[in-house]
Amino acid sequence: GRATIQSVEVSYGVRDEPTVFLVNLDVYCPAFIRDRPACKVEGARLVMVDCHVRSASVSGVVAEDDWAQLRLIRCLLHDCGESGVFVRGAKCALDDCRFLRNKASG
């Protein structure tokens with residue numbers, strides 16, 4: 001089985017932050033929670049491995065600041081209201097990920 005997490009935010013306020021790992025999880029944000037991604041990364045390092053990500057109203061994973069670092073490995077990003085991953089200013093690496101039925105590309 002796979003555990004489920006509803007709408008997670010990973011943030012850290014100082015440099016040399018630890019890396020947060022999410023492994024083998026369903027991460028989602030339901031339609032009744034508007035304008036919130038399934039996972040938001042701010043000023044932190046996040047590695048997601050073998051996760052399924054979906055967000056009904058916006059992008060699945062969002063990283064929008066210069067300090068954020070995101071790496072997705074073998075993740076499925078699907079059925080998102082916008083793109084599967086939205087990155088602006090952050091560092092991001094995608095390894096062997098799949099994108100299905102998202103309203104926007106990527």
| said: Filter on side-chain hydrogen bond (donor to acceptor under 3.5 Å, both in side chains), then keep only pairs touching residues 81-99, sequence neighbours left out; what's left? | reply: Ser59-Ser83, Arg71-Asp95
| query | Side chains of Val8 and Val27: closer than 4.5 Å at any heavy-atom pair? | reply | yes
| request: Please answer: with hydrophobic residues joined when any side-chain heavy atoms are less than 4.5 Å apart, are Val23 and Val47 in the same cluster? | output: yes
| task | Kindly compute the distance separating OG (Ser7) from CD1 (Ile33), expressed to the nearest 0.5 Å. | result | 5.5 Å
| request: Verify, without hydrogens or angle tests, whether Ser55 (side chain) and Arg36 (backbone) share a donor-acceptor contact under 3.5 angstrom. | output: yes
| Results of side-chain hydrogen bond (donor to acceptor under 3.5 Å, both in side chains) for Glu64 - residues two or more places apart only | none
| message | If I take atom CG from residue Asp26 and atom SG from residue Cys51, how far apart are they, to the nearest 0.5 angstrom? | response | 8.5 Å
| Rounded to the nearest 0.5 Å, how far does CG of Leu77 lie from CG of Leu100? | 9.0 Å
| Taking side chain as C-beta onward, heavy atoms only, is Leu46 less than 4.5 Å from Cys39? | yes
| field | Qualifying residue, where the test is side chain to side chain contact (heavy atoms under 4.5 Å, CB included) with Val53 and the options are Val61, Leu22, Leu25 | value | Val61
| Between atom NE2 of His52 and atom CG of Leu76, what is the distance when rounded to the nearest 0.5 Å? | 5.0 Å
| message | Under a 4.0 Å threshold between the charged nitrogen and the carboxylate oxygen, would Asp79 count as salt-bridged to Arg101? | response | yes
| task | Decide whether Val20 and Val41 are clustered together by the hydrophobic rule: side chain heavy atoms of Ile, Leu, Val, Met, Phe, Trp, Tyr closer than 4.5 Å, transitively. | result | yes
| Do you know the tightest heavy-atom contact between Leu94 and Val85? | CD2-CG2, 4.4 Å
| query | Roughly how far apart are Cys97 SG and Ile73 CD1, rounded to 0.5 Å? | reply | 8.0 Å
| Taking atom CZ of Phe32 and atom OG of Ser57, what is their separation to the nearest 0.5 Å? | 11.0 Å
| Considering residues at least two apart in sequence or located in another chain, which fulfil the side chain to side chain contact (heavy atoms under 4.5 Å, CB included) criterion with Asn102? | Cys80, Phe99
| field | Distance-minimising heavy-atom pair for Pro37 and Gly60 | value | CB-O, 3.8 Å
